[in-house]
**Q** 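One structure follows; several queries about it will come next.
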Protein chains: 2
Amino acid sequence: MSIVDRKERDKQIRRNDILVAAEKVFAARGFHNANVSEIAKEAQYGTGTVYLYFKDKEDIYRALILKGLDDFFASVQERTLSLTDPVEKLKCFLAEKFRFFEAHKDFFKLYIVENNSLQSAFSSEREQECMDRHMRIFAIGAAIFQEGIDAGMFKPADPKELAFMFGGLSNYLMMKMVFDGSGGSIERKTDLVMDIFLNGCRKVDGKTQV
Amino acid sequence: MSIVDRKERDKQIRRNDILVAAEKVFAARGFHNANVSEIAKEAQYGTGTVYLYFKDKEDIYRALILKGLDDFFASVQERTLSLTDPVEKLKCFLAEKFRFFEAHKDFFKLYIVENNSLQSAFSSEREQECMDRHMRIFAIGAAIFQEGIDAGMFKPADPKELAFMFGGLSNYLMMKMVFDGSGGSIERKTDLVMDIFLNGCRKVDGKTQV
DNA sequence: TCTATTTATGAATCGTTATTCAATTTCGCA
DNA sequence: TGCGAAATTGAATAACGATTCATAAATAGA
């Protein structure tokens, strides 16, 4: 058994080496400009070896997105579950999003920047898997808004729409941060987004309040 | 003169035919998957003809973005200039954004979805022109927030950051609308975004208010 | 109408790169 | 150590598609 086990484990290690290299190369040059031999070289393998672990170039990309989303989902789930207050949950979700993507900037680039433009071109079996993971994460946000609405804390609105906009708001702030390094600490960005999304940017004293 | 003029005018017409075709093809298949002969066929010209009007494939794409942004800028500028109240300006800007992109969905796909992933790969002379136009539009938003802050209507904050997030919020709602047709009327979407961004999604009666 | 000039064409070229595969190396085992 | 199986390799293949260019069509002016 030990030998079979080790082989399997080594296989996973090699597979992972390739994924790590691919993430770097894809993020640096974009899906279309990255080439497989480049990924292989980065991972210190021969070009053909890559094809022992992945069906084709797209398969590498999908596996990468899948792994990233699974990791993100797991970490959000773990931190969010113990909380009950919707506002706290939302804040925790957001902070984790900033933390995770700041720690995985390459993944962020792939996921937010590249992914959209690839959707249309591809339709592998994995495509659906990726979409499932994406929706699962989206659903966390939508559920929190639903809870908040039910609890009378948030205005009645379509929770999916809210989750969508909340995601957009935070993604854009993250983009700014990933590309030009601005935005300040995770704490600051979290508070900023929470404040805008929950309270708005309108000043609330006296006559300017509507 | 008349002959020279006509030639020039015809040239512009042909150039525009190609741009119209390219917008359609790029939006449908993405920059990398679209091919030039496809664009030529869509425009009812031979492949080589395209190269009489554009330097290369990227040049077509850039010209498209440039034209779209110029049109958008002009229409926003025109409608916004006469207003004085920052909130009204913002609302007008947003409504125009929804109106414009809803009328030019293909352009929206190119600009929002494709553009990000192409930034890194390209660096033509036109690239800078596109970025200039982009910044010019962004500046309109940032200026409105600045005015609002100065007038004491908005919370003191970095107007650029606000403009960025405001853009993200509305883009995401637009994406939803462009891709699955949801979101309701322009009026409704505008009000939704304005309300969230200005007042937040928190319910403001009694104990739930902080 | 006829020639010169401009414009259009799409087949051929050329470069690129994903993918394959025959040859080689490594590994497990006796 | 030596044999067969499994894994690795990177050069060769094959497909694709941007760009060019020799040829043809259209046009302007005489």
Side-chain angles (χ1 to χ4, degrees), chain A residues 1-19 21-22 25-26 28-64 114 117-118 120-124 126-127, chain B residues 1-22 25-26 28-64 114 117-118 120-124 126:
Chain A
M1 289 307 171
S2 172
I3 284 167
V4 175
D5 284 354
R6 172 141 60 93
K7 278 201 168 188
E8 182 53 33
R9 195 200 41 164
D10 285 359
K11 219 168 196 171
Q12 289 306 323
I13 288 174
R14 257 166 254 128
R15 200 184 137 88
N16 197 59
D17 286 347
I18 294 169
L19 284 182
V25 175
F26 280 143
R29 322 216 323 132
F31 180 81
H32 288 284
N33 288 98
N35 38 343
V36 176
S37 57
E38 214 175 339
I39 292 171
K41 194 188 287 180
E42 175 73 33
Q44 315 240 44
Y45 290 113
T47 309
T49 308
V50 171
Y51 285 86
L52 297 175
Y53 293 91
F54 298 94
K55 189 163 70 65
D56 53 26
K57 188 180 173 184
E58 186 197 330
D59 192 40
I60 306 172
Y61 177 79
R62 290 291 164 209
L64 216 48
E114 284 284 313
S117 65
L118 296 178
S120 47
F122 293 161
S123 63
S124 69
R126 281 234 173 126
E127 166 73 35
Chain B
M1 290 307 173
S2 172
I3 284 167
V4 175
D5 285 354
R6 173 142 59 92
K7 278 201 169 187
E8 182 53 33
R9 195 200 42 167
D10 286 359
K11 218 169 196 170
Q12 288 306 323
I13 290 174
R14 256 165 256 130
R15 200 185 136 88
N16 198 59
D17 285 348
I18 293 169
L19 284 182
V20 169
V25 175
F26 280 142
R29 322 217 322 133
F31 180 81
H32 288 284
N33 288 96
N35 38 336
V36 176
S37 58
E38 214 176 339
I39 292 170
K41 195 189 285 180
E42 175 73 34
Q44 314 240 46
Y45 290 114
T47 309
T49 308
V50 171
Y51 284 86
L52 297 175
Y53 294 90
F54 298 93
K55 188 163 71 64
D56 53 27
K57 189 181 174 185
E58 187 195 329
D59 192 40
I60 307 171
Y61 177 80
R62 290 291 165 210
L64 216 48
E114 284 284 314
S117 65
L118 295 179
S120 48
F122 293 163
S123 62
S124 70
R126 277 228 177 133

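The sequence lines fix the lettering, A, B, ..., with proteins before strands; numbering per chain opens at 1.
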**Q** Measure NZ/K7(A) against P/dA6(D) and give the value in whole Å, please.
**A** 7 Å
**Q** Which nucleotide wins on minimum distance to the side chain of R6(B), given the candidates dG10(C), dT17(C), dA28(D)?
**A** dA28(D)
**Q** Take the protein atom CG of L52(B) and the nucleotide atom P of dT20(D), then report the distance between them rounded to whole Å.
**A** 11 Å
**Q** Atom OH of Y45(B) and atom P of dT19(D): how far apart are they, to the nearest Å?
**A** 20 Å
**Q** If you take all heavy atoms of A40(A) and V50(A), which pair is closest and at what distance?
**A** CB-CG2, 3.7 Å
**Q** Looking at the side chain of T47(B), which of dA18(C), dG10(C), dA7(D) is the nearest nucleotide?
**A** dG10(C)
**Q** Measure NZ/K41(B) against P/dT9(C) and give the value in whole Å, please.
**A** 14 Å
**Q** With a 4.0 Å cut-off on heavy atoms, is Y53(B) in touch with a base, just the backbone sugar-phosphate, or nothing at all?
**A** sugar-phosphate
**Q** Output the rounded distance in Å from CZ (R29(A)) to C1' (dT16(C)).
**A** 12 Å
**Q** Could you check whether K11(A) makes a cation-pi contact with Y53(A), meaning its NZ or CZ is under 6.0 Å from the centre of the six-membered ring and within 45° of the ring axis?
**A** no
**Q** Check the distance between dA8(C)'s P and F54(B)'s CZ and give it to me in whole angstrom.
**A** 13 Å
**Q** Measuring from atom OH of Y45(A) to atom CG of D17(A), what distance do you get when rounded to the nearest 0.5 angstrom?
**A** 4.0 Å
**Q** So if I take the C1' atoms of five pairs at each end of the helix from dT1(C)-dA30(D) to dA30(C)-dT1(D) and get each local axis, what angle do the two axes make, rounded to 10 degrees?
**A** 0°
**Q** N35(A) and K57(A): side-chain contact (heavy atoms from CB on, under 4.5 Å), yes or no, with the steps?
**A** CA-CA 8 Å; N35(A) 38 343; K57(A) 188 180 173 184; 5.5 Å; no
**Q** Starting from P on dT19(D), measure out to NZ on K57(B) and report it in whole angstrom.
**A** 8 Å
**Q** Ignoring hydrogens, what is the shortest heavy-atom contact between I60(A) and L19(A)? Give both atom names and the distance.
**A** O-CD2, 3.8 Å
**Q** Which listed nucleotide (dT9(C), dT19(D), dT7(C)) is nearest to the side chain of R14(B)?
**A** dT7(C)
**Q** What is the separation between atom CZ on F31(B) and atom C1' on dG17(D), rounded to the nearest whole Å?
**A** 12 Å
**Q** Which label fits F26(B) and Y61(B): parallel for a plane angle under 30°, tilted from 30 to 60°, or perpendicular past 60°?
**A** perpendicular
**Q** Taking the side chain as C-beta and beyond, is there a heavy-atom pair between Q12(A) and N16(A) under 4.5 Å?
**A** no
**Q** So, does T49(A) get its side chain near the phosphate of dT9(D), meaning an N or O under 4.0 Å from OP1 or OP2?
**A** yes
